[in-house]
Amino acid sequence: QVQLVESGGGLVQAGDSLKLSCVASGRGSSSYAVGWFRQAPGKQREFVAVINWRVSMTHYADSMKGRFTISRDNAKNTVYLQMNSLNPEDTGVYYCAAGVFSRAVASGQPRGYDYWGQGTQVTVSS
């Protein structure tokens, strides 16, 4: 069983930056790939980025490239999401999720992820 805890969300203004953290714990947590998703009110959950825990492989949704950066600290079992140039359309609940690395995980399909955090709210005001 893997537990994921997100933090770092908050209320910011358009153009600001924010860094989210996802701490993973539990048996085998270091062997999973970790992804970030977000869900805006009234919309479906959307893939943001994924990082392979053991190999420094990253993949981003096209709309996130250039503004968002996913990274990891193996010693802390923590994955980060650095978000720059935020705009109101980035508002939503951001979730981290863990799964055994697979094509589904690498391509950001939610069905590939076995464990989910509780989410952290990000609100961007105009």
Side-chain angles (χ1 to χ4, degrees):
Q1 192 77 2
V2 174
Q3 293 80 41
L4 303 168
V5 179
E6 305 97 331
S7 62
L11 173 63
V12 297
Q13 293 186 334
D16 285 352
S17 298
L18 207 58
K19 188 173 185 178
L20 306 182
S21 299
C22 172
V23 179
S25 62
R27 192 181 187 93
S29 59
S30 63
S31 64
Y32 286 85
V34 176
W36 285 97
F37 293 77
R38 70 184 186 185
Q39 189 165 18
K43 294 187 177 181
Q44 289 188 335
R45 193 165 296 188
E46 176 184 27
F47 169 71
V48 175
V50 61
I51 188 166
N52 187 314
W53 197 260
R54 289 187 170 180
V55 179
S56 191
M57 183 284 299
T58 59
H59 174 65
Y60 297 88
D62 288 342
S63 59
M64 316 297 174
K65 289 180 181 177
R67 293 194 303 127
F68 291 8
T69 303
I70 190 170
S71 62
R72 77 203 191 287
D73 184 332
N74 286 342
K76 297 182 178 180
N77 261 16
T78 301
V79 173
Y80 303 100
L81 184 68
Q82 176 69 45
M83 305 186 293
N84 299 327
S85 301
L86 287 164
N87 58 66
E89 288 70 38
D90 295 315
T91 293
V93 179
Y94 283 70
Y95 300 90
C96 66
V100 175
F101 187 68
S102 65
R103 185 171 297 180
V105 167
S107 62
Q109 298 179 48
R111 63 177 176 84
Y113 292 81
D114 301 306
Y115 304 100
W116 293 80
Q118 83 288 349
T120 185
Q121 176 70 44
V122 173
T123 303
V124 184
S125 63
S126 58

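What you find for L18 and G10 is that their closest heavy atoms are CD2-N, 4.0 Å. Scanning both residues, T78 and S21, for their nearest heavy atoms gives CG2-CB, 4.2 Å. Between S29 and N77, the shortest heavy-atom contact is OG-ND2, 3.2 Å. Minimum heavy-atom separation, P88 to A14: CD-CB, 4.3 Å. Here the closest non-hydrogen pair linking S85 and S17 is N-OG, 4.3 Å. What you find for A49 and Y60 is that their closest heavy atoms are CB-CD2, 3.5 Å.
Taking NE2 of H59 as the start and CG of N52 as the end, the distance is 13.0 Å to the nearest 0.5 Å. With rounding to the nearest 0.5 Å, the separation of CD in Q121 from CD in Q39 is 11.0 Å. Remark: E46 CD to M64 CE distance equals 4.0 Å, nearest 0.5 Å. Atom CD of Q118 is separated from atom SG of C96 by 7.5 Å, given to the nearest 0.5 angstrom. How far CG of D62 is from CZ of F47: 10.0 Å, rounded to the nearest 0.5 Å. Atom CG of residue L20 and atom CD of residue Q82 lie 9.0 Å apart, to the nearest 0.5 angstrom.
A donor-acceptor contact shorter than 3.5 Å is absent between the side chain of E6 and the backbone of T120. Although no hydrogens or angles enter the test, the distance criterion places no donor-acceptor pair under 3.5 Å between the side chain of T123 and the main chain of T91.
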With side chain to side chain contact (heavy atoms under 4.5 Å, CB included) as the test, would you mind laying out the steps for W116 and R45 before giving the verdict? CA-CA 12 Å; W116 293 80; R45 193 165 296 188; 3.2 Å; yes

Between N87 and R67, does the side chain to side chain contact (heavy atoms under 4.5 Å, CB included) criterion hold? Intermediate values first, please. CA-CA 11 Å; N87 58 66; R67 293 194 303 127; 3.6 Å; yes

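Note on ring orientation: taking the six-membered ring where Trp is involved, the planes of Y113 and F37 are perpendicular (angle over 60°, cut-offs 30° and 60°).
Applying the side chain to side chain donor-acceptor pair (under 3.5 Å) definition to pairs two or more places apart or across chains, those involving residues 100-112 are S107-Q109, Q109-R111.
Linking ILVMFWY side-chain heavy atoms closer than 4.5 Å, directly or via other members, places V34 and V48 in a single hydrophobic cluster. With hydrophobic clusters built from ILVMFWY side chains whose heavy atoms lie under 4.5 angstrom apart, I51 does not share a cluster with V2. No path of Ile, Leu, Val, Met, Phe, Trp and Tyr side chains, each step under 4.5 Å between heavy atoms, connects L4 with V93, placing them in separate hydrophobic clusters.
Using a 4.5 Å heavy-atom threshold, the side chains of Y115 and Q1 count as touching. In this structure, V105 and V50 have side chains that are in contact, with non-hydrogen atoms separated by less than 4.5 Å. Side-chain atoms of I70 and V79, non-hydrogen and from C-beta on, do get closer than 4.5 Å to each other. At least one side-chain heavy atom of M83 sits less than 4.5 Å from a side-chain heavy atom of Y94.
Because its NZ or CZ atom is both nearer than 6.0 Å to the ring centre of Y80 and within 45° of the ring axis, K19 counts as a cation-pi partner of that residue.
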